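Quantities reported herein were computed from a predicted structural model and do not represent experimental measurements. Every heavy atom of this structure was used, including side-chain atoms; hydrogens, water molecules and symmetry mates were not.
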There are 2 protein chains.
Amino acid sequence: MMQQNVFNMLADPTRFRIVEALVGGEQAVGDLVRAVDIDQSGVSRHLRILGEAGFVVMRPEGARRLYSLRPEPFQAIDDWVASYRKLWEGRLDRFDAALARKSEERK
Amino acid sequence: MMQQNVFNMLADPTRFRIVEALVGGEQAVGDLVRAVDIDQSGVSRHLRILGEAGFVVMRPEGARRLYSLRPEPFQAIDDWVASYRKLWEGRLDRFDAALARKSEERK
DNA sequence: ACTCTAAATATGCATACATATACATATGCA
DNA sequence: TGCATATGTATATGTATGCATATTTAGAGT
């Protein structure tokens, strides 16, 4: 099921930039601060919010905290937008059926 | 390119419900008001916002205004989330290559 | 054709509420 | 002690909402 929470996370420009910065792999808070251009306290807060929403996980390494993306919310978006695919694909061919099957594998 | 504008539209719960109500086809404002449970003025305002963001188009029919979804923003989301697919798919097999090709057809 | 009325939708205005941010400070680790 | 990260507090800004009103269209009656 799709809760709009997921889009709420990405709607904030700073959080979006954080997510985009994390797609390449895990990053320490300090690295993200440099990537995002708000105060470090704000980055930490956004990371907490993202964590509570299931977007990121944290792994301590010494004094640093390494954050990385979790796949679930992105899978949820992928599944959700699939139901809108009919908007730009007129028909349901064999390929789309394969897509649907692939999507089923996740459950 | 992905601007977080797109997610902003879906982040609002009322707008999300409007979008979901429109996936089945075009709807008059009055129909959407019944589906969404805020004042009609609010629905009209959200429809304007969605229109300015490229999510919906309007077609007058007598005194009614029929709104329907445009495919572009959903295509954009689909394309964007595709770049996160590596989070849950370890490798790039022949099927994924076909996916990538299919995504290319749009351009 | 003209006017009046009712229905559907849009907009101006005021308000309330959420939340992103910075600064200062606390906590944890080397 | 010094570096990295988290949190408390205050503030400011955006924006969703309702109410009242304007606008547009259809239809009926004369």
Enquirer: If you take the centroid of each ring, where Trp contributes its six-membered ring, are A:Y84 and A:W80 closer together than 6.0 Å?
Expert: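 Here the rings of A:Y84 and A:W80 have centres that are less than 6.0 Å from each other.
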Enquirer: Between residues 61-70 of chain A and DNA chain D, which residues have a heavy-atom gap below 4.0 Å?
Expert: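 When residues 61-70 of chain A is checked for heavy atoms under 4.0 Å from DNA chain D, the hits, listed by number, are A:A63, A:R64, A:R65, A:Y67.
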Enquirer: OP1 or OP2 of C:dA20 less than 4.0 angstrom from a side-chain nitrogen or oxygen of A:T14, does that happen here?
Expert: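 Looking at the OP1 and OP2 atoms of C:dA20, neither is under 4.0 Å from any side-chain N or O of A:T14.
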Enquirer: Mind listing the closest non-hydrogen atom pair of A:R15 and A:N8 along with its distance?
Expert: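 Closest heavy-atom pair between A:R15 and A:N8: NH2-O, 3.1 Å.
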Enquirer: Can you list everything that forms a salt bridge (Lys or Arg N to Asp or Glu O under 4.0 Å) with B:D39? Sequence neighbours excluded, please.
Expert: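 Residues passing salt bridge (Lys or Arg N to Asp or Glu O under 4.0 Å) with B:D39: none at all.
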Enquirer: Within this structure, what is the CD1-to-C1' distance between A:I18 and C:dA20, rounded to whole angstrom?
Expert: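 These atoms are roughly 12 Å apart.
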Enquirer: How many angstroms lie between CZ in B:F16 and OG1 in B:T14, if you round to the nearest 0.5 Å?
Expert: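 Between atom CZ of B:F16 and atom OG1 of B:T14 there are 12.0 Å.
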Enquirer: Is A:F55 reachable from A:V57 through a run of I, L, V, M, F, W or Y residues, each pair having side-chain heavy atoms under 4.5 Å apart?
Expert: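 In one cluster with A:V57: A:F55, no.
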Enquirer: Using atom CG of B:N8 as one end and atom P of D:dT15 as the other, report the distance to the nearest whole Å.
Expert: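 Taking CG of B:N8 and P of D:dT15, I get 7 Å after rounding.
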Enquirer: What is the distance from CE of B:M58 to C1' of C:dT9, rounded to the nearest Å?
Expert: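 Computing the B:M58:CE to C:dT9:C1' distance gives 9 Å.
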Enquirer: Measure the distance from CZ on B:F16 to C1' on D:dT15 and round it to the nearest whole Å.
Expert: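 Atom-to-atom, B:F16 to D:dT15, this comes out as 20 Å.
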Enquirer: Between B:F7 (CZ) and D:dT15 (P), how many Å, whole number?
Expert: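 B:F7 atom CZ is separated from D:dT15 atom P by 17 Å.
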Enquirer: Answer yes or no: is there a side-chain heavy-atom contact under 4.5 Å between B:Q75 and A:L87?
Expert: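 Not touching, per the 4.5 Å side-chain cut-off.
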Enquirer: Give the minimum heavy-atom separation between B:V56 and B:L47, together with the two atoms involved.
Expert: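 Nearest pair, atom of B:V56 first, then B:L47: CG2-O, 3.8 Å.
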Enquirer: For D:dT5, does either OP1 or OP2 sit under 4.0 Å from a side-chain N or O belonging to A:R48?
Expert: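 Looking at the OP1 and OP2 atoms of D:dT5, neither is under 4.0 Å from any side-chain N or O of A:R48.
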Enquirer: Please give the nucleotide sitting opposite C:dA30 as a Watson-Crick or G-U wobble pair, both distances under 3.5 Å, or none.
Expert: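 Paired with D:dT1.
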Enquirer: Are B:L66 and B:L69 connected into the same hydrophobic cluster when the rule is that any two of I, L, V, M, F, W, Y join if their side-chain heavy atoms are below 4.5 Å apart?
Expert: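 No, B:L69 and B:L66 fall in different hydrophobic clusters.
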Enquirer: If I take atom CD from residue A:E26 and atom CZ from residue A:R59, how far apart are they, to the nearest 0.5 angstrom?
Expert: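 The CZ atom of A:R59 is 4.0 Å from CD of A:E26, to the nearest 0.5 Å.
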Enquirer: Take atom CZ of B:R34 and atom P of C:dA8, then tell me their distance rounded to the nearest Å.
Expert: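 Value for this atom pair: 8 Å.
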Enquirer: Return the residues of residues 38-46 of chain A meeting this criterion: a heavy atom under 4.0 Å from some atom of DNA chain D. Order them by number, or give none.
Expert: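 Nucleic-acid contacts, sorted: A:Q40, A:S41, A:S44, A:R45.
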Enquirer: How many Å lie between CG on B:L47 and C1' on D:dT17, as a whole number?
Expert: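 Taking atom C1' of D:dT17 as the reference, CG of B:L47 is at 15 Å.
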Enquirer: Please state how far atom CG in A:L50 lies from atom P in D:dT5, giving the value in whole angstrom units.
Expert: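 Rounded to whole Å, this separation is 16 Å.
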